[in-house]
Amino acid sequence: MQQNHRPYYILVPVMLGLAGMLYMTSCKKNDIPATGLQVLSFSPASAGVGATLVINGANFGSSPADNIVKINGKPATVVAATSSRLSVQVPLLAGDGKVSVETGTATASSTSDFTYMYTVSTVAGDGIPSFMEGTGVAARFDHPLGVAVGTDETLFVADGENQRIRKITAAEVVSTIAGDGNQGFANGAGLSARFDFPFSLVVDGAGNIFVAEADNNQIRKITPNGIVSTFAGDTVGGYWDATGTDARFFGPAGIAIDGDGNLYVSDDLNHRIRKITPAGVVSTLAGSGIGGYKDGYRTEAQFNSPSGIAVDRSGNVYVADRDNNMIRKITPDGVVSTLAGNKAGGFKDATGTAAEFIYPLGIAVDMTGNVYVADWGNHRIRKVSPAGAVTTLAGDGQLTFGDGQASKAHFKYPSGIALDPAGIIYVADQDNNRIRRIE
C-alpha cells in the first residue's frame with residue numbers, strides 16, 4: 001500500500017511548482033502586475049491649461065467614462081483611454097501635485113509631482129499711454145494702477161493718469177464708468193465726476209466700488225448706477241480718526257474689504273493701516289505714524305509707506321510694506337509680524353525674511369491663504385505661501401513686454417493685482433499700459 005501513495009513532502013513541491021507556472025504564464029499573458037491599478041508615469045512633466053497629459057499605467061478603464069483623473073486634486077477631462085494609457089486635458093490652475101486615477105473602487109497615484117505652467121496674456125490695452133475705449137488691445141490706458149474683480153467677474157481699473165475708473169466686461173469691452181479725465185475733485189454722476197490719481201479700488205457684494213484716491217486724500221464710492229460720492233476723507237492731507245468726511249488720510253494707496261463690509265486702507269504717507277466700518281467710521285488698525293520698521297501690537301508697530309492691502313477669510317490683513325520691501329501680516333487681534341522680505345531689498349526666492357522684494361506694491365490673497373504680490377521693482381509676480389515661502393509665479397525681470405509662458409513673460413512695473421473666484425490673476429501692468437491675465 002505504501003507504493004500506491006505519494007509522500008506528502010513530494011506532493012507539496014509539485015503543487016507549488018504548478019501554481020508558479022500558472023502565475024508566471026498569467027503575468028506574461030496579461031502583462032499586468034498583481035497589484036492591479038497603477039500609475040507608472042506621465043508626460044509631459046509640466047504643462048499649462050488645456051495641454052494633453054498622457055498617463056501610462058495598468059488596469060485603467062478602456063473607456064474615458066470609466067476613469068476619474070485628478071491633477072493635484074483637480075478633475076481633468078479624459079479624452080482617450082485604453083487599459084494602459086490615458087490622455088487627459090490639464091485643468092485650469094491645476095497647481096503642482098500628484099496625478100491620480102480612479103477606476104471603479106480602485107485608486108492609484110503617481111510617485112512624482114506634475115508641475116503646472118502658468119501662462120500670461122493681455123486682456124486689454126495696446127501699450128500706448130493714452131485714452132481710448134474699445135475691445136481688448138484696441139483700448140488704451142495711461143498708467144493703470146489698480147484692478148479689481150466685480151461680483152459678475154467684470155474687471156474694474158483705476159486708470160491713474162487718465163483720472164478715470166474703467167470697466168472691462170467678460171467680452172473684453174473697455175468703457176469708462178466714472179471720471180471726465182480732468183485732474184481735480186468733483187462728485188456726481190459717472191462722467192461728470194473728477195478724480196486726482198485714483199490708485200486702487202475694491203468692489204463690495206452689492207456692486208459698489210470704493211476707490212483709494214491718493215492725491216485727493218479720500219476714499220470715494222461709486223454706486224452700481226455710477227453715482228460718485230466721498231465715503232471718507234476731506235481732500236486735505238492729514239491724520240484724523242473720525243466719521244466720513246471728518247476723517248483725514250494722507251495719500252491712501254491700497255484698499256481691501258472683508259466679509260462684513262469693513263474697508264481696510266493703506267494710508268501711505270501716514271504710515272498707518274486704517275479701518276472704515278460700513279457706517280464710515282474711521283479708526284487706526286496698526287502703525288505708529290512714524291515711517292520705519294517694527295513688529296508689534298497695533299500702534300506699536302511701524303510701517304514705511306504701506307501700499308497694497310488684502311484681507312483673508314479669517315480676518316488677517318496683509319500689507320505690501322513698500323519702502324520696507326516686506327510683506328506684513330496683521331492678525332484679527334492686532335499683532336503685526338513680517339511674513340516675508342527684508343529691508344535690504346533685492347530679488348530672491350526663499351522663506352520669510354530670507355526672501356527679497358523691491359518695492360512690492362499690489363497684493364491679493366486666495367482662499368487658502370496664499371498671498372500674491374506685484375513686485376513692482378523686480379517686474380515680477382510673486383507668490384507667498386501661508387508659511388512665508390516665496391516663489392516667482394510670472395515674469396523674468398526684464399523691463400519690457402511679452403506674453404506667453406509665465407517664467408518667460410515680461411512686465412514693466414506691475415502695480416495692482418486681483419484674483420477672480422476661479423483663481424485667475426489679473427495685473428495692472430503700469431508702464432506697459434495693459435491689463436494682464438495669469439492662468
Side-chain angles (χ1 to χ4, degrees), residues 129-131 141-148 156-166 176-188 190-202 209-222 226-242 244-256 263-274 276 280 282 284 287 289 291 303-309 319-323 359-363 374 376 413-417 428-431 433:
S130 182
F131 171 74
F141 301 87
D142 193 348
H143 292 80
L145 297 170
V147 62
F156 297 95
V157 180
D159 195 2
E161 296 292 350
N162 273 324
Q163 314 297 342
R164 292 175 167 101
I165 305 302
R166 315 284 292 279
T176 299
I177 62 170
D180 66 359
N182 294 304
Q183 187 175 16
F185 168 73
N187 286 323
L191 304 187
S192 67
R194 285 187 178 176
F195 296 89
D196 193 350
F197 210 54
F199 202 96
S200 62
L201 66 177
V202 70
I209 303 167
F210 296 90
V211 182
E213 190 183 7
D215 285 3
N216 269 329
N217 302 301
Q218 292 183 337
I219 305 303
R220 311 285 288 280
K221 178 181 178 180
I222 309 172
I227 303 301
V228 180
S229 61
T230 299
F231 189 66
D234 69 352
T235 74
V236 178
Y239 169 69
W240 192 253
D241 283 340
T245 55
D246 289 332
R248 286 187 176 177
F249 301 86
F250 198 5
I255 190 167
L263 296 173
Y264 299 85
V265 178
S266 291
D267 196 1
D268 187 316
L269 298 178
N270 275 323
H271 310 293
R272 292 176 167 101
I273 307 303
R274 314 288 288 281
I276 313 174
V282 180
T284 298
F303 299 87
N304 197 355
S305 295
S307 293
I309 192 167
V319 180
D321 194 3
R322 188 186 68 223
D323 286 5
Y359 301 138
L361 217 55
I363 193 170
W376 189 84
Y413 299 110
S415 178
I417 189 168
D429 194 4
Q430 179 183 313
D431 277 21
N433 302 293

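Values below: all heavy atoms of this structure, side chains included; hydrogens, waters and symmetry mates excluded. Starting from 1, each residue takes its place in the sequence as its number.
For the atom pair F249 CZ and T235 OG1, the distance stands at 12.5 Å (nearest 0.5 Å). In this structure, I255 CD1 and L263 CG are separated by 4.5 Å, a value rounded to the nearest 0.5 Å. Taking CZ from R274 and CZ from F250, the interatomic distance works out to 12.5 Å, rounded to the nearest 0.5 Å. Distance check, rounded to the nearest 0.5 Å: CD of E213 to CZ of F185 gives 7.5 Å. Here the straight-line distance linking atom CD1 of I309 with atom CG of D321 works out to 11.0 Å at 0.5 Å rounding.
The shortest side-chain heavy-atom distance between T284 and Y239 falls under the 4.5 Å cut-off. Residues I222 and F156 form no side-chain contact, since every pair of their non-hydrogen atoms from C-beta on lies 4.5 Å or further apart. Residues L145 and F197 meet the side-chain proximity criterion, which asks for heavy atoms closer than 4.5 Å. Between D234 and R248 the shortest side-chain heavy-atom distance falls below 4.5 Å. Counting heavy atoms from C-beta outward, W376 and R322 have side chains that stay 4.5 Å or more apart. Inter-residue side-chain proximity for H143 and N433 is flagged as met; some heavy-atom pair is nearer than 4.5 Å.
Closest heavy-atom contact between P306 and S266: O-CB, 3.5 Å. Nearest heavy-atom pair, Y413 versus Q430, reported as atom, atom and distance to 0.1 Å: O-CB, 3.0 Å. When all heavy atoms are compared, the tightest approach of S415 to A374 is O-CB, 3.5 Å. Of all the heavy atoms in I363 and G308, the pair that sits closest is CG2-C, 3.2 Å. Here the shortest heavy-atom pairing between A247 and V282 reads CB-CG2, 3.6 Å. Residues D246 and W240 come closest through the heavy atom pair O-CD1, 3.4 Å.
Side-chain N or O atoms of N217 include none that pairs as donor or acceptor with a backbone N or O of V236 at under 3.5 Å. Not a single donor-acceptor pair under 3.5 Å links the side chain of N162 to the backbone N or O of G181.
Under the 3.5 Å distance criterion, with hydrogens and angles disregarded, no donor-acceptor pair is assigned to the side chains of S307 and Y359. Looking at S305 and D268, their side chains do bring a donor and an acceptor atom within 3.5 Å of each other.
We find that D142 and R164 are not joined by a salt bridge, their nearest charged nitrogen and carboxylate oxygen being 4.0 Å or further apart.
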Please lay out, stage by stage, how V228 and F195 fare under the test side chain to side chain contact (heavy atoms under 4.5 Å, CB included). CA-CA 10 Å; V228 180; F195 296 89; 4.0 Å; yes

When you look at F131 and Q163, which way does the side chain to side chain contact (heavy atoms under 4.5 Å, CB included) test go after all the steps? CA-CA 10 Å; F131 171 74; Q163 314 297 342; over 6 Å; no

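For R272, there are no salt bridge (charged side-chain N to carboxylate O under 4.0 Å, His left out) partners two or more places apart in sequence or in a different chain.
By the neighbour-count criterion of 12 heavy atoms within 6.0 Å, atom CZ of F231 is densely surrounded, having more than that number from other residues, nucleotides or ligands.
Residues in residues 190-200 take part in these side-chain hydrogen bond (donor to acceptor under 3.5 Å, both in side chains) pairs, two or more places apart or across chains: D180-R194, Q183-D196.
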